[in-house]
Protein chains: 2
Amino acid sequence: MGRQREFDVEQALDAALCVFWRKGYEGTSYTDLTQATGVERPGLYSAFGNKEALFRQALERYYSHYLDYFPTALEQPTSREVVEQIFRGAAELHTRHPDRPGCLGIHGALAGSDDAEPIRQALIDARARGEAMLRDRLERAKEEGDLPDSANSAALAAYVMAVLHGMAVQAKAGCSRDVLEAVVDQALSTWPSNPSGRETQKTGAIKPLPLLY
Amino acid sequence: MGRQREFDVEQALDAALCVFWRKGYEGTSYTDLTQATGVERPGLYSAFGNKEALFRQALERYYSHYLDYFPTALEQPTSREVVEQIFRGAAELHTRHPDRPGCLGIHGALAGSDDAEPIRQALIDARARGEAMLRDRLERAKEEGDLPDSANSAALAAYVMAVLHGMAVQAKAGCSRDVLEAVVDQALSTWPSNPSGRETQKTGAIKPLPLLY
DNA sequence: GAAATTTAGTATCGACCGGTATGGAAAAGA
DNA sequence: TCTTTTCCATACCGGTCGATACTAAATTTC
């Protein structure tokens, strides 16, 4: 009962997400949000709660609608393919939208005033969850013989995340996709190969790449 | 002539630098700055100019007083040592001060309001200068036979910078130095080796590292 | 010692921040 | 049709933002 909403909530959330993506949490004002969404301030509050709640919902949408390639990549048969798909997906996503390059999960709230501490922690936690998923996947690769027993899953996962974060920073600085892909090539060039020697897929991309091209 | 300053300008600049390091450009208010420096607002304005000018001077000091290991590392005899020293120096710096982890050059202004665009660009330019210095050094390494002719100096430099940026993000998220060092180990494991086979230093660290430890 | 100059500190500026009260318009149930 | 409920939009709240007049104190020059 009562009057019905005149704006589409999902559409408004996506518009808000794009602003956060570009300006970060604290850099985004309600003036920005109302302009981007076409919804007046009280409308945003009634639909999403306060700014922090709105950002959290935007972040959730970001993971489900933009970072969806990540869980998909984890299903690849070999750790090499998992990591490569994650890297390639990031290079593509971070340069897909020229108006909002980089990654909301990184520069949504990296440094800022003390007020933004909860959001900063939320982003840290979200990234940590992704790293944990990757670590578990690499651990499984060890059990399957896809990675040598000597491999350190936690360190490898941290390394992959570091490269991803660095790519986000570079994308935000205006780097082209080509440069990001070159970074990926180098990052992948020494991925530990299958110790048992048995190939698990047709491309056989296990052998080390030649030195950058 | 006239009254003399009661505070030490360098000391105040360093205090301001530390606040910017922790909270970023826009996250830092003049209330923060006056508390950290012990200097009232008009004092900061008369000594440094406005907030943007103060940040730029803080950034300059950051490069000369904290990132000084970078130009030093470029003087190492081999590219491998150059890059390793840069990596190790970053891992150390980013965790040296627990109250301000990470790198001012990265999260001083990554995303934010449009007002901060000049500062954002200044940080991008500063990082680009560092990347250019590294690229030139790697180019020299190719001329010296330290790197193979097939090596892509620009791509290698971009890769190194990406790892550095990623380490800064992780340090800001609370990563320990040990984790950063593990990331460095993995990042170094892909470094191209000397094609001519002649060693240029005693350690002979050219051969690829074993898989993570 | 008096004038000139530069500092320090208080108090304040207009603009914008995140967040709301309010009142009228629109749509549902009776 | 009338009541109730919900939404939209203007206008506004106290607080904080970066930036400055202004006054008084301190130091140099004349």
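Below, chains carry the letters A, B, ... as their sequence lines are ordered, and counting in each starts from 1.
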Per-nucleotide protein contact along nucleotides 16-24 of chain D, 5' to 3', at a 4.0 Å heavy-atom cut-off (B base, S sugar-phosphate only, - neither), is -SBBBB---

Note to self: Under 4.0 Å, heavy atom to any atom of DNA chain D: which of residues 109-122 of chain A qualify?
What the structure shows: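 Those residues: none at all.
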
Figure out the [atom1]/[atom2] separation between [X] and [N], and round it to whole Å.
X       : N      : atom1 : atom2 : value
A:Arg5  : C:dA26 : CZ    : P     : 18 Å
A:Glu6  : D:dA9  : CD    : C1'   : 11 Å
A:Leu33 : C:dC16 : CG    : C1'   : 14 Å
B:Glu40 : C:dT7  : CD    : C1'   : 13 Å
A:Phe48 : D:dC7  : CZ    : P     : 12 Å

For B:Tyr62, ring-ring contact (aromatic ring centres under 6.0 Å, His included) partners two or more places apart: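 Listed in chain order: B:Trp21, B:Tyr66.
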
Practice item. Answer yes or no: does a side-chain N or O of A:Gln4 lie under 4.0 Å from OP1 or OP2 of C:dA26? Key: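 A:Gln4 to C:dA26 OP1/OP2: no side-chain N or O under 4.0 Å.
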
So for atom CD, which belongs to A:Glu117, do other residues, nucleotides or ligands contribute more than 12 heavy atoms lying within a distance under 6.0 Å?
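It does: A:Glu117 CD has more than 12 such atoms within range.
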
Item to check | Euclidean distance, A:Arg5 CZ relative to A:Ser46 OG, rounded to 0.5 Å | outcome: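 Reported to 0.5 Å precision, the distance equals 5.0 Å.
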
Value rounded to 0.5 Å, distance of CG in A:Asn50 from CZ in A:Arg56:
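Output value for this atom pair is 9.5 Å.
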
Looking at every heavy atom in both [X] and [Y], which two are closest together, and how far apart are they?
X        : Y        : value
B:Ala187 : B:Val163 : CB-CG1, 4.0 Å
B:His165 : A:Val169 : ND1-CG1, 3.7 Å
B:Ala155 : A:Ala182 : CB-CB, 3.9 Å

* Asked: Can you check whether B:Tyr25's main-chain N or O pairs, donor with acceptor, with B:Lys51's side chain at less than 3.5 Å?
  ->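 Checked: pair present.
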
